[in-house]
Amino acid sequence: MSKNIDWANLGFGYVPTDARYVSWYKDGKWDDGTLTSDASITMSECACVLQYAQTVFEGLKAYTTADGRIVTFRPDLNAERMIDSANRLKMPAFPKERFIDAIKQVVAANKEFVPPYGSGATLYIRPFMFGYDSIIGVKPANEYQFRAFCTPVGPYFKGGVRPLTVRISDYDRAAPNGTGHIKAGLNYAMSLYAIVDAHEKGFDENFYLDPATRTKIEETGGANILFVTKDGKVVTPKSSSILPSITRRSLLQVAKDYLGLEVEEREIYVEELSEMAECGLCGTAAVISPVGKIVDHGKEICLPSGMNEMGPITKKLYETLTGIQMGTIPAPEGWIVEVC
Ligand SMILES: *Cc1c(COP(=O)(O)O)cnc(C)c1O
């Protein structure tokens with residue numbers, strides 16, 4: 001039985017659910033972990049996460065497939081990425097098998113919050129971990145908490161697809177040998193100024209450049225970028241400071257194996273933008289949101305796909321990947337993980 005929620009009109013906001021998963025790391029090891037109904041966390045004013053932002057997170061979805069199963073999409077890749085993120089911030093890794101088990105437990109315990117097939121809504125899952133004990137001299141915490149909660153979120157393209165207008169940002173996101181490739185709250189804290197500024201000036205998103213040369217496109221604050229060239233090739237920026245989006249990696253495989261397209265991961269220069277036929281932002285939330293216009297310091301680059309719809313190849317990619325996720329198109333081995 002589903003909760004009595006108006007799925008179609010649900011937004012993207014936090015709605016507390018019945019249960020969340022918690023595991024503590026103390027004395028050099030993780031405890032067994034448990035589900036709890038307590039959505040609050042109490043900690044010292046000097047907790048490492050509060051003073052030095054020692055925290056990493058993940059984001060994935062659970063949803064109902066066409067044949068009524070509740071599944072998640074490639075949680076093994078979220079588990080691996082969280083281990084990479086933890087290593088970079090000197091946090092203990094939460095083991096991959098336990099991560100997947102925690103996701104299954106938390107979704108199963110909240111199954112009444114999983115939106116029905118066809119509603120467009122999904123259950124968004126947020127695993128995260130943080131340094132918990134008091135740290136004043138700069139060093140990693142000794143104690144950590146891993147948590148995973150979930151919240152139902154509404155359809156991303158409510159009222160239809162609306163291609164985005166983005167600007168080339170003068171703010172930088174990630175230094176060449178910094179932390180751009182990990183999923184850490186710190187990368188988001190410093191993007192808030194730039195995104196609020198973009199919104200105030202009428203842009204939906206920022207395209208960040210490589211800070212070393214400021215000539216190459218990297219990504220937005222929370223999504224990777226895919227382009228389709230005028231000769232139908234799918235290209236995506238290559239850089240060590242881009243967050244390795246699971247959606248983007250999956251879309252590239254879909255482009256190659258399902259659509260027979262040529263794909264390329266390479267450096268993409270700002271100068272080349274006017275040669276692109278289509279552009280989309282990819283991430284778990286929207287899968288792909290189309291970009292219609294890129295503004296480079298007053299110079300408008302209008303993608304031929306326009307401001308009313310997704311480009312034809314972007315649309316095929318979107319439909320194929322969402323079909324795989326919803327179980328209407330056969331999935332590559334291991335992509336769909338059943339919860340219940
Ligand atoms: C999470 C995130 C993405 C998207 O990754 P997915 O695994 O596809 O959800 C892209 N860029 C940044 C900076 C992110 O934090």
Side-chain angles (χ1 to χ4, degrees), residues 12 53 55-63 72-86 88-89 96 99-100 103 122-129 148 150-151 153 156 164 166 169 171-176 178-195 198 204-211 217-227 234 236-255 265 268 279-291 314 317-318 320-322 324-325 334-337:
F12 195 92
T55 178
V56 297
F57 69 99
E58 275 301 327
L60 68 162
K61 284 170 169 180
Y63 44 88
T72 60
F73 183 70
R74 310 188 78 179
D76 52 319
L77 298 189
N78 295 97
E80 286 168 8
R81 192 168 65 186
M82 196 176 206
I83 292 171
D84 293 341
S85 298
R88 180 65 176 80
L89 296 193
K96 180 169 158 180
F99 179 102
I100 296 168
I103 299 303
T122 53
L123 186 73
Y124 182 76
I125 310 160
R126 170 55 58 88
F128 65 112
M129 49 189 270
C150 52
T151 187
V153 297
Y156 195 85
L164 307 176
V166 304
S169 176
Y171 300 101
D172 291 328
R173 174 180 174 271
T179 54
H181 61 298
I182 63 163
K183 211 164 174 74
L186 56 89
N187 290 329
Y188 281 75
M190 60 91 225
S191 76
L192 297 175
Y193 190 92
I195 193 65
D204 296 301
E205 270 296 345
N206 288 301
F207 271 14
Y208 291 104
L209 301 181
D210 73 300
I217 301 289
E218 298 229 306
E219 66 169 318
T220 72
N224 282 184
I225 308 171
L226 280 186
F227 293 98
V234 178
T236 188
K238 185 184 175 76
S239 156
S240 58
S241 51
I242 289 176
L243 194 281
S245 157
I246 294 163
T247 314
R248 187 253 302 162
R249 286 182 272 164
S250 303
L251 285 165
L252 288 183
Q253 197 171 327
V254 164
E265 197 175 342
I268 296 175
C279 175
L281 306 184
C282 36
T284 294
V287 178
I288 312 185
S289 4
V291 172
T314 305
L317 285 167
Y318 176 81
T320 311
L321 185 57
T322 50
I324 289 169
Q325 292 177 329
W335 279 25
I336 304 300
V337 172

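Atoms within a ligand are numbered from 1 in the order they appear, just like the ligands themselves.
Using a 4.0 Å heavy-atom cutoff, P244 is absent from the residues neighbouring ligand 1. Distances from ligand 1 to the non-hydrogen atoms of R249 include no value under 4.0 Å.
If you check which protein heavy atom lies closest to atom 3 (C) of ligand 1, you get G222 O, 3.4 Å. Remark: minimum distance from atom 15 (O) of ligand 1 to any protein heavy atom is reached at Y188 OH, 2.5 Å. For atom 2 (C) of ligand 1, the nearest non-hydrogen atom of the protein is K183 NZ, 2.6 Å. For atom 11 (N) of ligand 1, the closest non-hydrogen atom on the protein side is E219 OE1, 2.7 Å. Protein heavy atom at the shortest distance from atom 9 (O) of ligand 1 is T284 OG1, 2.6 Å. For atom 13 (C) of ligand 1, the nearest non-hydrogen atom of the protein is R173 NH2, 3.2 Å.
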- Task: Would you please test K183 and E58 for salt bridge (Lys or Arg N to Asp or Glu O under 4.0 Å) and show each step?
- Result: CA-CA 7 Å; K183 211 164 174 74; E58 275 301 327; 5.7 Å; no
- Task: Report the C-alpha distance between N224 and T247 in whole Å, list the side-chain angles of each, state the deciding distance to 0.1 Å, and finish with yes or no for side-chain hydrogen bond (donor to acceptor under 3.5 Å, both in side chains).
- Result: CA-CA 9 Å; N224 282 184; T247 314; over 6 Å; no
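Contact check for M129 versus L89: no side-chain heavy atoms found under the 4.5 Å cut-off.
For the atom pair I336 CD1 and I324 CD1, the distance stands at 7.5 Å (nearest 0.5 Å).
Side-chain rings of Y63 and F73 stay apart, their centers remaining 6.0 Å or farther from each other.
When only interatomic distances are considered, the shortest N/O to N/O separation between R248 and ligand 1 does not fall below 3.5 Å. For the pair C282 and ligand 1, the shortest N or O to N or O distance does not fall below 3.5 Å.
Here A223 has backbone heavy atoms under 4.0 Å from ligand 1, and that is the only part of it that gets that close.
Considering all non-hydrogen atoms of both residues, P75 and F99 come closest at O-CE2, 3.7 Å.
Atom OH of Y156 sits in a sparse spot, with 12 or fewer heavy atoms from other residues, nucleotides or ligands closer than 6.0 Å.
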